Participant: 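Submitted below is the structure of interest, expressed as structure tokens.
The first residue of the sequence shown is numbered 1, and numbering continues consecutively from there. None of these values were measured; they are calculated from a predicted model.
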Amino acid sequence: MKKKQLLFVLVVGLVVLGGCATTQSGKESKELTETRVKESVDNRAFRISVDRVVPMSGRSRNVTSNYSLTVRNDSVFSYLPYFGQAYSLPYGGGVGMTFDAPLTEYNQRYDKKNNAEITFRTRSADDTHTFRIQIYPNASATIQVTSINRQGITYYGTVDLKEGE
């Protein structure tokens, strides 16, 4: 009986220790993600891959293409879809939300929950846009865009944390 009890205690101990190791590595992974997100935001070097779009008037749409918004130093690289009403556009429709431009009025702060709140303005070839971005420690993000010549639109996605980006 003692051998069976000892074996049972060893097996239960290994299962418990294995569970602790998994929890610890999950905690370490979460902390690593939070650190990498904060570094990306603080360095003004992040890319948000967009997977959902919510126009001001209309329904939410999932998108499957490689839509993204990249902030690098003092520039923004926007490759985003646009669904909504335009008030005034140049002949041919303009560039929409696909453009590269310098940033102005860039502000960044963290709230009590360590969520990054970023705002900036930029000018594309046919419009002026105000971006309000919230980046959460788990790498999810929300982008709200208000333009002069178009209805507002909101994008949801995640911060890319691949090495070398």
Participant: Applying side chain to side chain contact (heavy atoms under 4.5 Å, CB included) between S147 and each of T128, D127, D126, report the one that passes.
Facilitator: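 With S147 as partner, T128, D127, D126 yield a single side chain to side chain contact (heavy atoms under 4.5 Å, CB included), made by D127.
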Participant: Report the residue from S40, S68, S49 that forms a side-chain hydrogen bond (donor to acceptor under 3.5 Å, both in side chains) with D160.
Facilitator: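 One option only clears the test, and that one is S49.
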Participant: Does Y82 reach the side chain of I153, with side-chain heavy atoms less than 4.5 Å apart?
Facilitator: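 They are in contact (side-chain heavy atoms under 4.5 Å apart), so the answer is yes.
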Participant: Do Y67 and V53 make a side-chain contact, defined as non-hydrogen atoms from C-beta onward lying under 4.5 Å apart?
Facilitator: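 No, every pair of side-chain atoms sits at 4.5 Å or beyond.
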Participant: Out of curiosity, does F83 fall in the hydrophobic cluster containing F131 (side-chain heavy atoms, cut-off under 4.5 Å, transitive links)?
Facilitator: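 Result: yes, single cluster for both.
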Participant: Nearest 0.5 angstrom please: E105 CD to T130 OG1, how far?
Facilitator: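 Those atoms lie 7.5 Å apart.
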Participant: How long is the gap from CZ on R47 to OG1 on T158, to the nearest 0.5 Å?
Facilitator: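 Reported to 0.5 Å precision, the distance equals 9.0 Å.
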Participant: Measuring only between side-chain heavy atoms, which start at C-beta, is L69 closer than 4.5 Å to V50?
Facilitator: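 Side-chain contact under 4.5 Å: no.
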Participant: Examine distances only and state if a side-chain atom of T142 and a backbone atom of Q134 form a donor-acceptor pair shorter than 3.5 Å.
Facilitator: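 No, because the side chain of T142 does not come within donor-acceptor range (under 3.5 Å) of the backbone of Q134.
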Participant: Between D42 and Y110, is there a side-chain heavy-atom distance shorter than 4.5 Å?
Facilitator: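 Yes. Closest side-chain heavy atoms under 4.5 Å.
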Participant: Sub-3.5 Å donor-acceptor pair from the side chain of T33 to the main-chain atoms of N138, do we have one?
Facilitator: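 Pair absent, no side-chain N/O of T33 close to backbone of N138.
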Participant: What closest approach, in Å, do T122 and A101 show between heavy atoms, and which atom pair accounts for it?
Facilitator: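 That would be OG1-CB, 3.1 Å.
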Participant: With a 3.5 Å distance limit and no angle check, can you tell me whether Y155 reaches the backbone of A141 through a side-chain donor-acceptor pair?
Facilitator: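 Judged by distance alone, no pair lies under 3.5 Å.
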Participant: State whether the number of non-hydrogen atoms from other residues, nucleotides or ligands found under 6.0 Å of N66 atom CG is greater than 12.
Facilitator: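 Counting neighbours around CG of N66, 12 or fewer heavy atoms of other residues, nucleotides or ligands fall under 6.0 Å, so no.
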Participant: Is the closest side-chain heavy-atom distance between N115 and P137 below 4.5 Å?
Facilitator: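 When only atoms from C-beta onward are counted, P137 and N115 do touch, with a gap below 4.5 Å.
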Participant: Examine the side chains of T119 and R132 and answer whether a donor and an acceptor come within less than 3.5 Å of each other.
Facilitator: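 There is no such pair between these side chains.
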Participant: Would you say E117 and N107 are linked by a side-chain donor-acceptor pair, where the criterion is simply a distance under 3.5 Å?
Facilitator: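 There is no such pair (donor and acceptor under 3.5 Å, judged by atom type) between the side chains of N107 and E117.
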Participant: Over all heavy atoms of both residues, which pair between Q144 and T154 is shortest? Give the atoms and the distance, please.
Facilitator: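 Shortest heavy-atom separation between Q144 and T154 comes out as CG-OG1, 3.8 Å.
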Participant: Do Y136 and V37 belong together in a cluster built from hydrophobic side chains that touch within less than 4.5 Å?
Facilitator: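 They do not share one cluster, since no chain of ILVMFWY contacts under 4.5 Å joins Y136 to V37.
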Participant: Report yes if some heavy atom in the side chain of K38 is under 4.5 Å from a heavy atom in the side chain of E34; otherwise report no.
Facilitator: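 No; the side chains remain at least 4.5 Å from each other.
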Participant: Looking at CZ of R52 and CZ of R61, how far apart are the two atoms once the value is rounded to the nearest 0.5 Å?
Facilitator: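 CZ of R61 is found 13.5 Å from CZ of R52.
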Participant: Indicate the atoms forming the closest heavy-atom contact of V41 with A116, along with that distance.
Facilitator: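 In this case the closest contact between V41 and A116 is CG1-CB, 3.9 Å.
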Participant: Do I143 and V54 share a hydrophobic cluster, counting only Ile, Leu, Val, Met, Phe, Trp and Tyr and linking them when any side-chain heavy atoms are less than 4.5 Å apart?
Facilitator: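 Shared cluster, no.
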Participant: Does the side chain of I48 come within less than 4.5 Å of I135's, by heavy atoms?
Facilitator: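 When only atoms from C-beta onward are counted, I48 and I135 do touch, with a gap below 4.5 Å.
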Participant: Going by heavy atoms in the side chains, are F99 and V76 under 4.5 Å from each other?
Facilitator: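 In contact.
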Participant: For the CG atom of N73 and the OH atom of Y106, what is their distance to the nearest 0.5 Å?
Facilitator: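 It is 10.0 Å, given to the nearest 0.5 Å.
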Participant: To the nearest 0.5 Å, tell me how far M56 CE sits from T146 OG1.
Facilitator: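 Result: 6.5 Å between the selected atoms.
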Participant: How about CZ on R72, more than 12 heavy atoms from neighbouring residues, nucleotides or ligands closer than 6.0 Å, or not?
Facilitator: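 No, not enclosed.
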Participant: Can you measure from OG (S60) to OH (Y156) and round to the nearest 0.5 angstrom?
Facilitator: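 OH of Y156 is found 8.0 Å from OG of S60.
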Participant: Which heavy atom of Y79 sits nearest a heavy atom of T98, and at what distance?
Facilitator: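 What the structure gives for the nearest pair is CD1-CG2, 3.8 Å.
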